[in-house]
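Along the sequence shown, residues carry numbers from 1.
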Amino acid sequence: QVQLEESGGGSAQSGGSLRLSCAVLQWTYSTYCMAWFRQGPPNDRGERAGVASIDSDGKISYEDSVKGRFTISRDNARNVLYLEMSNLQPEDTDMYYCAADARCGGWELEAWEYKYWGQGTQVTVSS
């Protein structure tokens with residue numbers, strides 16, 4: 001059973017930085033599609049909002065509001081997904097979730113693409 005365990009959330013001042021980590025346990029697939037989502041507000045389908053994604057072919061995607069501020073990466077040897085968050089703003093405050101599936105289907109920032117989810121980690125940014 002695949003398990004995703006997030007860590008690294010917390011509090012930061014506006015302009016500060018945080019690094020989120022997602023440990024991937026029991027991953028048996030040869031490929032991956034992984035992403036970070038935030039809880040809300042949900043889209044028209046009531047789903048979480050995609051922040052950044054990465055797949056085993058090296059394709060990376062970012063939601064427009066985080067481009068240039070957040071960086072997604074994956075340590076394949078350790079099976080850990082990261083989200084480096086810099087120049088944080090109060091509007092980045094949210095619960096962040098790690099998500100994974102065996103491969104991307106072309107909608108990498110859509111929640112319905114992903115089968116496996118972590119429990120979430122809270123990020124709070126104060127002004």
Give the ring-plane orientation class for Trp107 versus Trp112, where under 30° counts as parallel, over 60° as perpendicular and anything between as tilted. tilted
Measuring from Cys33:SG to Lys115:NZ, what's the distance to the nearest 0.5 Å? 14.0 Å
All heavy atoms of Ala12 vs all of Ser17, minimum pair found to be CB-O, 4.4 Å
Short question: side chain of Asp75, backbone of Ala77 - any donor-acceptor pair under 3.5 Å? yes
Does a side-chain heavy-atom distance below 4.5 Å link Glu6 with Tyr97? yes
To the nearest 0.5 Å, atom OG of Ser86 lies from atom CZ of Arg69 at 7.5 Å
Linking I/L/V/M/F/W/Y whenever any side-chain heavy atoms sit under 4.5 Å apart, do Trp27 and Trp117 land together? no
For Glu113 and Glu108 the tightest heavy-atom approach is OE2-N, 4.2 Å
For a 4.5 angstrom cut-off between non-hydrogen side-chain atoms, does Tyr82 reach Arg19? yes
Exam field: side chain Gln39 to backbone Asp94, donor-acceptor pair closer than 3.5 Å: no
Would you check if the side chain of Thr31 reaches a backbone N or O of Ala102 as a donor-acceptor pair within less than 3.5 Å? yes
Indicate whether the side chain of Asp101 and that of Tyr29 have a donor and an acceptor atom separated by less than 3.5 Å. no
Looking at Gln122, I want to see if its CD is surrounded by more than 12 non-hydrogen atoms of other residues, nucleotides or ligands under 6.0 Å. yes
Using a 4.5 Å cut-off on heavy atoms from C-beta on, say whether the side chain of Ile72 contacts that of Glu84. no
Quick one: CE on Met95 to OG1 on Thr124, what's the gap to the nearest 0.5 Å? 9.0 Å
With a 4.5 Å heavy-atom cut-off, do Asp92 and Phe70 have their side chains touching? yes
Where the side chain of Gln89 meets the backbone of Asn87, is there a donor-acceptor pair that is under 3.5 Å apart? yes
To check you understand the geometry: which heavy-atom pair defines the closest contact between Cys104 and Asp55, and what is its length? SG-CB, 3.6 Å
Can you confirm whether Gln26 is buried at CD, in the sense that more than 12 heavy atoms of other residues, nucleotides or ligands lie under 6.0 Å from that atom? no
Please examine the side chains of Leu20 and Trp36, heavy atoms only from C-beta on, and report whether any two atoms are closer than 4.5 Å. yes
One should read off an interatomic distance between Leu81 CG and Ser73 OG, to the nearest 0.5 angstrom, of 7.0 Å
Minimum heavy-atom separation for Leu109 and Phe37, please, with both atom names. O-CE2, 3.6 Å
Any heavy-atom pair between the side chains of Leu25 and Glu5 that's under 4.5 Å? yes
Is any side-chain heavy atom of Met85 less than 4.5 Å from a side-chain heavy atom of Val123? yes
Any donor-acceptor N/O pair, Glu63 side chain to Ser65 backbone, under 3.5 Å: yes
Tyr114 versus Met34: any side-chain heavy-atom pair under 4.5 Å? no
Minimum-distance pair of heavy atoms, taken over all atoms of Leu4 and Cys22: CB-SG, 3.8 Å
Please check: side-chain N/O of Ser14 versus main-chain N/O of Ser127, any donor-acceptor pairing under 3.5 Å? no
